[in-house]
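I have placed the structure first, in the form of structure tokens, so that the comments after it can refer back to it.
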Number of protein chains: 2
Amino acid sequence: MLDVRMLCLATLMGHEASGYDIKKELERGVSSGMIDASFGSIYPALARLADEGLITARAESGRGRGDKKIYAMTPEGRAYFLRTLAGPMPDEKYRSPFLFAMLFAADLPRDQVVRMIDAQIAVWEARLALADQTLPRDEAATGPRFVNGIAQTMLRAGLDFLRRHRAGLEAAAEASPQPASPAPQGARAREMTS
Amino acid sequence: MLDVRMLCLATLMGHEASGYDIKKELERGVSSGMIDASFGSIYPALARLADEGLITARAESGRGRGDKKIYAMTPEGRAYFLRTLAGPMPDEKYRSPFLFAMLFAADLPRDQVVRMIDAQIAVWEARLALADQTLPRDEAATGPRFVNGIAQTMLRAGLDFLRRHRAGLEAAAEASPQPASPAPQGARAREMTS
DNA sequence: AGATCCATGTAAGACGTTACATGATTTG
DNA sequence: CAAATCATGTAACGTCTTACATGGATCT
């Protein structure tokens with residue numbers, strides 16, 4: 001599980017929505033960055049879910065913009081969703097191009113490594129800001145608050161680490177200046193270890 | 001990038017290997033948990049990379065077990081790999097069934113939530129143990145050390161958070177006991193938590 | 001002797017993205 | 001009026017997994 005179907009159902013657990021709405025919530029919601037889905041997968045998924053009776057479709061037209069299909073959970077849908085959450089879940093997967101690239105930091109020019117770290121800091125800071133802003137003081141939303149909390153905690157730890165090591169690299173660069181750019185072959189960045 | 005091709009090249013950056021070897025290193029290596037690949041994608045990828053001249057194939061037979069194809073980087077392969085690392089990278093994606101499920105903690109029976117947290121603690125503890133053990137005191141391997149370091153830092157932060165909240169849930173359960181709903185199922189292992 | 005590991009590969013199918021096709025409405 | 005946003009859908013394509021097909025070697 002944890003496919004487009006579940007993503008759609010998850011959104012509809014909160015409130016009814018159209019395919020378009022769901023896409024937007026996945027982009028700028030609590031789970032943004034975690035998972036994403038495109039229209040090409042959302043629309044067929046919604047059609048199939050409606051077929052199976054897990055959600056209902058209601059057409060809304062005339063008002064403001066044109067035709068719009070609004071989907072809502074059925075009791076069977078809710079049951080199915082919660083049952084699936086209780087069932088076996090696939091392993092988590094953290095797919096990070098940044099960490100992958102950093103594995104080869106020693107083979108890359110130091111200034112490129114610094115640039116990558118800066119970029120990652122920016123990404124995580126943005127994610128942290130999103131988490132701060134996404135969840136107001138809604139006491140009832142324990143689930144989202146929990147997820148936001150753990151995300152913030154881990155992001156802050158990661159950012160700390162990055163900032164400390166970035167500073168270390170800068171210092172090392174001043175101690176032994178290294179010409180920038182593409183593959184001077186012998187050069188190795190060294191004092192990352194802390 | 002960050003597909004099977006890059007995964008194979010990444011492994012071969014370190015040392016020559018067969019398809020089988022690569023699979024195993026991806027399973028129990030630094031990047032395990034981050035990315036995985038199956039034989040069905042590795043073997044074709046290696047064949048294509050050899051076709052393109054980015055790696056060489058050498059057959060090794062007779063010794064011990066039967067036929068085995070050992071692949072090794074070419075200079076072009078190395079250049080291609082590093083060039084790709086320097087190029088544009090896709091966004092990171094953290095796909096966590098656990099966090100996804102926790103978004104709906106309020107809709108799930110409390111003991112199921114506790115069980116999920118315990119399971120996640122076990123997973124992260126295992127990952128942490130792997131990180132501790134994976135990297136010896138190899139001073140030269142700055143990249144892997146960096147990646148391991150940040151992984152440990154973030155995992156420890158996450159584990160802290162989970163343990164604190166698990167304790168909070170237990171306390172709440174004693175204050176207002178709530179029966180388990182869907183399937184009582186039986187006893188559950190509990191001693192993993194530390 | 002049977003299970004498990006080593007070792008390679010192919011084929012079918014799941015799942016998702018990008019690009020295409022279409023059209024109304026709002027905003028600058 | 002042009003551009004962006006709202007809104008839905010289909011088709012082609014890519015990528016990866018699962019299952020299949022095969023066979024030798026090692027361990028119990």
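Everything numeric here is computed off the predicted structure, so don't read it as measured data. Below, read A as the first sequence line, B as the second, and so on, with proteins coming before strands; counting in each chain starts at 1.
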Rounded to the nearest Å, what distance is computed from the [atom1] atom of residue [X] to the [atom2] atom of nucleotide [N]?
{"X": "Asp21(A)", "N": "dA7(D)", "atom1": "CG", "atom2": "P", "answer": "6 Å"}
{"X": "Arg48(A)", "N": "dG16(C)", "atom1": "CZ", "atom2": "P", "answer": "11 Å"}
{"X": "Asp91(B)", "N": "dG16(C)", "atom1": "CG", "atom2": "C1'", "answer": "16 Å"}
{"X": "Asp67(B)", "N": "dG23(D)", "atom1": "CG", "atom2": "P", "answer": "12 Å"}

**Request:** Kindly compute the distance separating CG (Leu7(A)) from OG (Ser41(A)), expressed to the nearest 0.5 Å.
**Result:**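 Reported value, rounded in 0.5 Å steps: 8.5 Å.
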**Message:** Nearest 0.5 Å, please: how far is CD in Glu125(B) from CG in Asp118(B)?
**Reply:**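 Here the interatomic distance stands at 10.0 Å.
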**Asked** Are Arg156(B) and Asp160(B) close enough, and set up right, to give a salt bridge (Lys or Arg N to Asp or Glu O under 4.0 Å), and what steps lead you there?
**Response** CA-CA 6 Å; Arg156(B) 271 196 265 269; Asp160(B) 258 27; over 6 Å; no
**Message:** How would you summarise protein contacts on nucleotides 9-14 of chain D per nucleotide, using B for base, S for sugar-phosphate only and - for none, with heavy-atom distances below 4.0 Å?
**Reply:** BB----
**Request:** Take Glu16(A) and Lys69(A), measure what salt bridge (Lys or Arg N to Asp or Glu O under 4.0 Å) needs, and give me the verdict at the end.
**Result:** CA-CA 10 Å; Glu16(A) 49 176 44; Lys69(A) 276 187 195 166; over 6 Å; no
**Request:** Specify whether Phe39(A) and Tyr20(A) have parallel, tilted or perpendicular ring planes, treating 30° as the upper limit for parallel and 60° as the lower limit for perpendicular.
**Result:**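 Correct class here is parallel.
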**Plane angle bin for Phe104(A) and Phe100(A) - parallel if under 30°, tilted between 30 and 60°, otherwise perpendicular** =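 Taking Phe104(A) first and then Phe100(A), their aromatic rings stand perpendicular (interplane angle over 60°).
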**Among dT5(D), dT18(D), dA7(C), the one nearest Ser38(B) by side-chain distance** =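 Among the listed nucleotides, the one closest to the side chain of Ser38(B) is dT18(D).
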**Asked** Side chain of Asp3(A): nearest nucleotide among dC6(D), dG16(C), dT8(C)?
**Response**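 Among dC6(D), dG16(C), dT8(C), the one nearest the side chain of Asp3(A) is dG16(C).
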**Prompt:** How about Arg48(A) and Leu54(A): do any of their side-chain heavy atoms sit closer than 4.5 Å?
**Reply:**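 No. Closest side-chain heavy atoms not under 4.5 Å.
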**Asked** Any side-chain heavy atom of Leu103(A) sitting closer than 4.5 Å to one from Leu99(A)?
**Response**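 Not in contact.
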**Message:** Let me test you: for the helix from dA1(C)-dT28(D) to dG28(C)-dC1(D), what is the angle between the axes at its two ends (five pairs each), rounded to 10 degrees?
**Reply:**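 Nearest ten degrees gives 40° for this helix.
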**Message:** Check this one for me: any side-chain N or O of Ser18(B) less than 4.0 Å away from OP1 or OP2 of dT8(C)?
**Reply:**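 It does, given that an N or O in the side chain of Ser18(B) lies less than 4.0 Å from OP1 or OP2 of dT8(C).
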**Prompt:** How is Ala37(A) classified with respect to the nucleic acid when contacts are heavy atoms under 4.0 Å: base, sugar-phosphate, or nothing?
**Reply:**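 Here Ala37(A) touches the backbone only, sparing every base.
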